[in-house]
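Have a look at the structure below before the remarks.
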Amino acid sequence: MEKMRFETSPGWERNIEKLQQLFPACVKESRIGNKTERTVDFQMLKLLLGEEDTAGSERYEFSWPGKKQALMDAYTSSSDTLRPQPERSRDWDTTGNLFIEGDNLTVLKLMQESYLGKIKMIYIDPPYNTGKDFIYKDNFAMSEEEYESGLGMYNSRGEKLFKNTESNGRFHSDWCSMIYSRLLLARNLLSEDGVIFISMDDNEQANLMKICDEIFGESNYIGQVIRKTKSMTADQGNGFNMQHEVLLIYGKNASRVRLHGEEKAFHNYANPDEDPNGDWCAGDPSARSGGPSTYFGIDNPYTHRTDYPPAGRYWAFSRTTMENYIQQGKIKFKKGYGESERGFVFKRYKKDAASQWEPVHSLFGTENPYMNQAATVELKELLGDSGFSYPKPAAFIEKLVQYATGGEDLVLDFFAGSGTTAQAVMEANARDGGKRKFILVQLPEKIQHKEYDNLCQLSQERIRRCGDRLRQEGKTADTGFRGFSVGDSNWKDVYRRPEDYHQEMLALLESNIKEDRSDLDLLFGCLLEWGYPLSMTYTAEEIEGCRVYTCGQGELAVCFAQKIPESVIRKIAAGQPRCAVFRDSGFADSSEKINVGEIFRLLAPGAKVKVI
C-alpha cells in the first residue's frame, strides 16, 4: 500500500509525462537500484528529432536488425506529391471520401500536415507474413534475376514489393521494419480519442503487440478481439485446428476512447408518472454488506409504516443519500400495499445508466456474416471472380466502424486491399444516417483478373458497385470518392553542375514546374502544403483571362496564370482569403511581387501570400 506523499510531484515527472504523450517510444522502464522508474531514452529521442543515435546503456526494449533504419525511413522527408485523378473518381466535386493509389509510407508522410490528429479510426489488415504474401520493403531495389525468378514483384513505379519467404534470414525483421515505420506515422494522424484496429494472425501477433506497446504506449492498449474466421474440421497435421485471428485495439489516449457496442435494451423502462427525469424502472436499494449507518427505517408518509432492509441486508446508501433521493422523487412511496410488500419504489433512471451502449466483447460472433467465407461470397457477388484472396467481411468492419465512430468522423485504411472498409463505412452511414468519410490507401499490386490490372482498379470498382446498390435501395450515403495517385515532385530536377548548362537551356528554366503538371496538380499540392484536407471543395472562375481557384469558404485563393494583372490581384485580395498562392513566374520582377504584398496588406490584412 502506497503512502500519501503530501507534496506535489517533481517537475521532471510532469515533463516525462508530457514527453511520453508526444513520443511514447522515448520513455522506458529502467531498473535503478531496487526500484523501477520511468526514464528517457535519449538515443531514441535523438532519432525522432533527426539526430544520429549513439551507443546506449542496457535497457528493456524490443529490437531487431533494421529497426533504426525503419525509424529513419518514417521520419525522412519525401518530395513526392499526390496527383488528382478526376477521371477515375466518382462525384469528384461533392464527395468527402478519398482513394489514394501508391505506397502507404509515402502517403502517410504526405498526410501529416492535413490530417494531423484528425482521424477518429484506423483499421488495417496488413500482410500476415505467412511466407507467401508480398510485403512492402522500403529502400529495396530488386535485381532482374530476382524479378524474373518470381521472388519479387514491382509496383507500378517499379519498386517496393517482395515476397518475404521463410527462407529469408530476416523473415521477421523485414516484416517488423515494414509495419513499424508505418505505425509511427499513423499514430500522429489519430485524434486524441481515436482508436486503431489491426487484424493479425499468430505469425506476427506477439511482435506486433511489442511494436504497438512502444509506439502507442502500453497504457493505451485497450484489448484484443478474437474473431472466428472459418469452420472446418481439418487440422495442421498435429491435431490442432486454427479457426480464429486476432484484432488488436490501441487508442491514441485510451482514457478518452469510448467504444460502444449494441444499443442497450431498455424495454422495462417507462414513465407512468410523467417523471421529469425520464424513463425509469424499479430497482433494489438494498445490498449484502454495510453497517449501522446503512441500517435504518424509511417511513411511508401515506401509511406511516416503516420499511427496513430485508433480513441479512443493508441499504445501499447512507441515510443522508436516501433523504436526498426522497426529496428528488427518486423514492416513490405507495399509498396502498400488502403486508409483505415494500412501501416504496426505488427508481433507476435510464439517463443515469453508465452507458447507453453494451460493451464491446473480446469474442466476436461466430455468425456466418462475420467469417471469411462470407466475405469471399460477398466479393464474388459484386465483382465475379475478383482475383483477391482472403478479403475481410464488410459486416465485420462495419461493426468496428459503429463501435468507434459516428457523425462526420474520418476512417483511414492504409492497407485497403479490395476496399472492404469503404463498403463498411458507406453501409454504416446508410444504416444510421452518419456522415463518416473514408480514406483508403492501396499499392497498385498486380492481380490475375480479366478486367482489372491491379488491386486499386478492383477496389475502386467495388466502391462504385456498392454505391450503386445502396442508391438502388433508396439509401442515403456519400458513395463517391476522389482518386489520387502518388507521383514524383511537381518541381523540375535542377541538380546539375554549372558546366552542364548551355544557352539553349535557358528557355527551359523559365519555370520550375514540370510541363506535364496541370493546375489541379498544383492546387492539391498547395492544399497539402498548407495543411488543408484533400476533400476540400473548390470553385474555378475566369477573371480577365486568369483562372482563379477558391477553396473552402474562401479560405484559400490560388491563381497559376502567367502575367497576372494587378486588377486580378485586387479582386482576389478583396475576397479576403486567409491564404493565397501564385506562380512565381507570373510576375515580371521582384517589384511586382512587392506590390502584391502591399495590395494584400491593404485589402486582406493578415492573409498569408506565397508563390510556387
| message | Between Ser585 and Gln562, is there a side-chain donor-acceptor contact under 3.5 Å, judged purely by atom types and distance? | response | yes
| task | Could you walk me through whether Arg182 and Leu108 pass side-chain contact (heavy atoms from CB on, under 4.5 Å), step by step? | result | CA-CA 7 Å; Arg182 286 156 176 81; Leu108 289 169; 4.0 Å; yes
| If we only count heavy atoms from C-beta on, is the Phe396 to Leu247 side-chain gap below 4.5 Å? | yes
| said: Please find the pair of heavy atoms, one from Ala74 and one from Ser181, that lie closest to each other, and give the distance. | reply: CB-O, 3.5 Å
| message | Take a 6.0 Å sphere around CD of Glu529 and say whether it holds more than 12 heavy atoms from other residues, nucleotides or ligands. | response | no
| Under 3.5 Å, is there a donor-acceptor pair between the Gln224 and Gln205 side chains? | yes
| message | Distance check, rounded to the nearest 0.5 Å: Arg547 atom CZ versus Asp519 atom CG? | response | 7.0 Å
| task | Given salt bridge (charged side-chain N to carboxylate O under 4.0 Å, His left out), test Lys475 with Glu427 step by step and report yes or no. | result | CA-CA 9 Å; Lys475 296 178 180 177; Glu427 292 183 347; over 6 Å; no
| Taking atom types as modelled, is there a side-chain donor on Gln423 or Arg462 under 3.5 Å from an acceptor on the other? | yes
| said: Can you see whether Asp213 engages Tyr250 through a side-chain donor-acceptor pair at a distance of less than 3.5 angstrom? | reply: yes
| field | Side-chain donor/acceptor of Arg471 to backbone N/O of Cys466, under 3.5 Å | value | no
| remark: From the list Val486, Ile100, Leu82, side-chain contact (heavy atoms from CB on, under 4.5 Å) partner of Thr106 resolves to Val486
| query | Below 4.0 angstrom, N of the basic side chain to O of the carboxylate: do Glu218 and Lys210 qualify? | reply | no
| message | I'd like to check the salt bridge (Lys or Arg N to Asp or Glu O under 4.0 Å) partners of Glu398; sequence neighbours left out, ordered by chain and number. | response | Arg431
| message | I'd like to know if the side chain of Thr95 reaches the main chain of Gly480, judged simply by a donor and an acceptor atom lying under 3.5 Å from each other, with no hydrogens or angles considered. | response | yes
| query | Do Thr421 and Asp413 pass the side chain to side chain donor-acceptor pair (under 3.5 Å) test, and can you show the C-alpha distance, the side-chain angles, and the key distance before you say yes or no? | reply | CA-CA 7 Å; Thr421 298; Asp413 182 349; 2.7 Å; yes
| request: Verify, without hydrogens or angle tests, whether Asn220 (side chain) and Phe216 (backbone) share a donor-acceptor contact under 3.5 angstrom. | output: yes
| query | Checking salt bridge (charged side-chain N to carboxylate O under 4.0 Å, His left out) for the pair Asp488/Lys514: CA distance, chi angles, key distance, verdict? | reply | CA-CA 10 Å; Asp488 54 11; Lys514 293 178 179 175; 3.4 Å; yes
| said: Looking only at side-chain N and O atoms, does Asn188 offer a donor or acceptor that is under 3.5 Å from a partner on Gln112? | reply: yes
| field | Backbone of Asp73 reached by a side-chain donor or acceptor of Thr76 within 3.5 Å | value | yes
| query | Who pairs with Ser535 by side-chain hydrogen bond (donor to acceptor under 3.5 Å, both in side chains), at least two apart in sequence or on another chain? | reply | none
| message | I'd like to know if Lys120 pairs up with Asp193 as an ion pair, taking the criterion as any Lys NZ or Arg NE/NH1/NH2 lying under 4.0 Å from an Asp or Glu carboxylate oxygen. | response | yes
| query | Are the side chain of Asp521 and the backbone of Ser518 linked by a donor-acceptor contact shorter than 3.5 Å? | reply | yes
| Pair Arg482-Asn97, side-chain donor/acceptor within less than 3.5 Å | no
| task | For Ser255, check side-chain hydrogen bond (donor to acceptor under 3.5 Å, both in side chains) against everything at least two apart and list the hits. | result | Asn253
| message | Ring of Trp530, cation from Lys608 - is the NZ or CZ under 6.0 Å from the centre and inside 45° of the axis? | response | no
| query | With a cut-off of under 6.0 Å to the ring centre and 45° to the axis, is Arg83 in cation-pi contact with Phe484? | reply | no
